[in-house]
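Notes to accompany the following structure.
Computed from a predicted model, the values in this text were never measured in an experiment. Each chain gets a letter, A, B and so on, in the order the sequences are listed, and its residues count up from 1.
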Protein chains: 2
Amino acid sequence: MRIGELSRRTGVHERLLRYYEEQGLLHPRRSPNGYREYDEEDVDTVRRIRSLLAAGLNTAAIATILPCLREDGDRLVPTCPGLLADLHRERDRITRSIADLQTSLRALDEVIAAAPPEVARRALGG
Amino acid sequence: MRIGELSRRTGVHERLLRYYEEQGLLHPRRSPNGYREYDEEDVDTVRRIRSLLAAGLNTAAIATILPCLREDGDRLVPTCPGLLADLHRERDRITRSIADLQTSLRALDEVIAAAPPEVARRALGG
DNA sequence: TTGAACTCTCACATCCATGTGAGGGTCAAG
DNA sequence: CTTGACCCTCACATGGATGTGAGAGTTCAA
């Protein structure tokens, strides 16, 4: 499919799809007229990219991880074993991010729980 | 303490401390000569800011959360009850980020586990 | 043919987090 | 007084992610 269709199906603007290609996250083929041709699986790939960006990873980290998250049927395929050390590094970074976020989440929960009931009603009731 | 000392004690550059103030994350007093005066607790506040930035939150989200993470002795004090709805929203966003990262972490672990043993040795041995 | 829809590349712009330097004030020690 | 260390504001710069428009090519139905 072409870039407009991928954009509609994923909700991601064309400009960003070209940027992700520029960053090595997407690899569309080209038609003889120069148009990009994407695969059906690129719809999932783009969604995964958005999810990882939203989680705070940058495009360089995502470029490392993505090729190894591609699925063949139901199973994950290690398509780039040469990057195992990189994957471990990314894994460690993700683990630290999760720990940081979980620490903040716990602290936030304590604050929310400590709020006086009438404050909670006012804040959530409107 | 002044900005240079806070910078040394936290390892965070002065430029960033001024930026965090600009973004509403820090609120130093001013001496008559215009110099910033930070409190002892600002050392922990700055470390918390760095941790949240590293976890992918931006300064706007941190400005929402921070005032409610301040500690009085051992307990957390809800110093801004009017922001309870905001806190819930931030909490939800953090929860989604954690879920996204955990999904990627699991997928990454499967790829790492699936790598052939000799590839693992080569990647980690040198 | 024509026009609309779609696509291409390129370049500039914005915001964010961060880095650096200019120009100048403050103050304690010598 | 002078000096060095510290501080102030302001402005420009960088890289990343994102947004927008110019100029032009492609394709197909009317």
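- For the pair Leu66(A) and Tyr20(A), the minimum side-chain heavy-atom distance is 4.5 Å or more.
- At least one side-chain heavy atom of Glu5(B) sits under 4.5 Å from a side-chain heavy atom of Arg8(B).
- When heavy atoms are screened at a 4.0 angstrom cut-off, Arg36(A) is found touching the sugar-phosphate backbone but no base atom.
- Heavy atoms only, all atoms of each residue included: Leu25(A) and Thr45(A) are closest at O-CG2, 4.2 Å.
- If you measure from atom OH of Tyr38(A) to atom C1' of dC8(C), you get 11 Å, rounded to the nearest angstrom.
- Atom C1' of nucleotide dT18(C) and atom CG of Leu25(B) are separated by 14 Å, given to the nearest angstrom.
- Atom OG1 of Thr103(A) and atom CZ of Arg48(B) lie 10.0 Å apart (nearest 0.5 Å).
- Arg18(B) places its CZ atom 14 Å from the C1' atom of dT18(C), with the value rounded to the nearest Å.
- Under the 4.0 Å criterion applied to side-chain N and carboxylate O atoms, Arg36(B) and Glu14(B) are not assigned as salt-bridge partners.
- Rounded to 10 degrees, the angle separating the terminal helix axes of the helix from dT1(C)-dA30(D) to dG30(C)-dC1(D), each built from five base pairs, is 20°.
- The CG atom of Leu6(B) sits 14 Å away from the C1' atom of dC7(D) (whole-angstrom rounding).
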Could you write nucleotides 18-30 of chain D as a row of B, S and -, 5' to 3', where a protein heavy atom under 4.0 Å of any base atom gives B, of only sugar-phosphate atoms gives S, and otherwise -?
BBB----BBS---

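- Considering all non-hydrogen atoms of both residues, Ile94(A) and Leu101(B) come closest at CG2-O, 3.6 Å.
- The interatomic distance linking Leu17(A) (CG) with dC6(C) (C1') rounds to 14 Å, in whole Å.
- Taking atom CD of Glu22(B) as the reference point, atom C1' of dT18(C) lies 12 Å away to the nearest angstrom.
- Using a 4.0 Å heavy-atom cutoff across all strands shown, Arg2(A) reaches sugar-phosphate atoms only and no base atom.
- Atom CD1 of Ile3(B) is separated from atom C1' of dC27(C) by 18 Å (rounded to the nearest Å).
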Checking side chain to side chain contact (heavy atoms under 4.5 Å, CB included) for the pair Arg29(A)/Asp39(A): CA distance, chi angles, key distance, verdict?
CA-CA 9 Å; Arg29(A) 294 181 313 282; Asp39(A) 294 331; 2.7 Å; yes

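- In terms of heavy-atom proximity, Tyr35(A) sits nearest to Asn33(A) at N-OD1, 2.9 Å.
- Atom P of nucleotide dA5(D) and atom CD of Glu5(B) are separated by 18 Å, given to the nearest angstrom.
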Run the numbers on Ile49(B) and Leu26(B) for side chain to side chain contact (heavy atoms under 4.5 Å, CB included), then give the verdict.
CA-CA 9 Å; Ile49(B) 290 169; Leu26(B) 288 172; 4.2 Å; yes

